[in-house]
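Read the numbers this way: they start at 1 and go in the same order the structure lists the ligands and their atoms.
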Amino acid sequence: MTCRRSGTSGRSTPDCLADIHLWRPYCQMKTTIAPFEVVAAEGCRLILADGRTLIDGIASWWTACHGHRHPHIVAAIKEQADRLPHVMLGGIVHPQAARLTRRLAERLPGDLNHVFLSDSGSVAVEVAMKIAIQYWLNLGQPQRTRFLSFQDAYHGDTAGAMSLCDPHDSQHAHFRGLLIEQFSLPIPRTSAEFAAFRQWFDARGDSVAAVIIEPLVQAAGGFRFHSPNQLQQIADAARRAGCLFIADEIATGFGRTGTMFACEQADVVPDIMCLGKGLSGGAISLAATVATTRIFAAFWSDDSSEALMHGTTYMGNPLACAAANASLDLFDSEPRLEQVARIESRLRDALGGLVGKAHVVDVRVRGAGAAVQVDRLLSKDRWMPFFVERGVWLRPTRDVFYLAPPLVITDDELGQLTAAIHAAVDAL
Ligand SMILES: Cc1ncc(COP(=O)(O)O)c(C=O)c1O
């Protein structure tokens, strides 16, 4: 490899870099293994360029709840593409957005009635932050500008969302000091921890705009669980301190934890909820930030400066809204939550045997998701090929092998996924 010196950085710049055009996510481009080329997908399977098929054990980052390329979703996108692929939402509405927001309001708990559409989960979190801060500004409490989030939290990769991730133990730790500083606490578990948690608000609660949590399952931060009771107590403490409560259901929404939304298991109606991933059934990017009427009312004013000034170019894209409406049709017409219950019981049976095995720290199952936590960090570059050789697509995070398959996965396919995890534990 020939190298020339770069002018200012002092690092050498190999000439061959000019030919690398796709800058891939979450990897050291120099040392990582070559990516696996996927050319098609069908149901729960990804089809590689060399003809092999892989069972998608993580539903392509938790999106493909009905499996890949579901004919009802594909047909809805095609029909919409023939009619209106895109139109701006400023000053305009289109039928798919109007219908989707109405249907979401009908399905969401409580009076989460006001839906702000965006194009990715991270942006939905940014919008939630902006709504929370401006809610307090509009109400004359400008000192409430900070957020309380939790250890092991992951809320996205844009600057505001990064500030809510675990500040020490996350992939964003490099940026500490540059991001807005927020509060971060462990999720309380015992009654003594809850007492301390409530006291924490006595000292700092006035500056907190909102508490934000991934309800029941902290996903990308290591698949950590807490109980509905913990969630309820956290929401209560936030409310008692006068703060808003935001549920980031981007990973947990749309059936993943056993109910349509995880908050329902704790009987909690958040002030603001973030949705994404499964919202559009795994075909196209769409996200939403949903507020209760109390929050929405704080922006309803004769004063234009009290309006929410946000809007991204592709927000509420008609193709994405058509996909999301089709996905909701499938939740209405097919027994997804029963399928989740079946997956949960199969996962418990299949992974229970790993408890107590060498290197296994914990085995957790909730809804259509499971984690096997081991006693070491897991290199994606080592384990992705290991799983591909066994005909499955799994990508560990931190110290966990985890599963979040399409909700339509068959028992046989699930068996292949859990067998591969058993093989991985044996190979540690
Ligand atoms: C809980 C949670 N919030 C936010 C995000 C960010 O969503 P996106 O990747 O669509 O920006 C994710 C993505 O994994 C997530 O799991």
- Check: Gln80 side chain, Ala320 main-chain N or O, donor-acceptor pair, under 3.5 Å: no

- Task: Spell out, as yes or no, whether a donor-acceptor pair under 3.5 Å connects the side chain of Glu126 to the backbone of Gly160.
- Result: yes

- Task: Under 4.0 Å from a heavy atom of Ala251: give me the atoms of ligand 1 that qualify, with their elements.
- Result: 16 (O)

- Task: Compute the ring centroids of Phe386 and Trp383, then answer whether they are less than 6.0 Å apart.
- Result: yes

Starting from [atom], which protein heavy atom do you reach first, and at what distance in Å?
| atom | result |
| --- | --- |
| atom 4 (C) of ligand 1 | His155 O, 3.2 Å |
| atom 2 (C) of ligand 1 | Asp248 OD2, 3.4 Å |
| atom 7 (O) of ligand 1 | Gly121 CA, 3.3 Å |
| atom 14 (O) of ligand 1 | Lys277 NZ, 2.9 Å |

- Message: When you compare ligand 1 with Ser122, is there at least one nitrogen or oxygen pair between them that comes in under 3.5 angstrom?
- Response: yes

- Item | Test applied, ring pair (Phe, Tyr, Trp, His ring centres under 6.0 Å); reference residue, Phe183; option that passes from Phe201, Trp200, Phe147 | Trp200

- Task: May I ask you to say whether Asp166 pairs ionically with Arg224, meaning some side-chain N is under 4.0 Å from a carboxylate O?
- Result: no

- Item | Proximity to ligand 1 by part of Tyr154, non-hydrogen separation under 4.0 Å | both

- Compute the minimum heavy-atom distance from Glu249 to ligand 1 and say whether it is under 4.0 Å. no

- Message: Would you say that more than 12 heavy atoms from the other residues, nucleotides or ligands in this model lie under 6.0 Å from the CD of Glu37, or not?
- Response: no

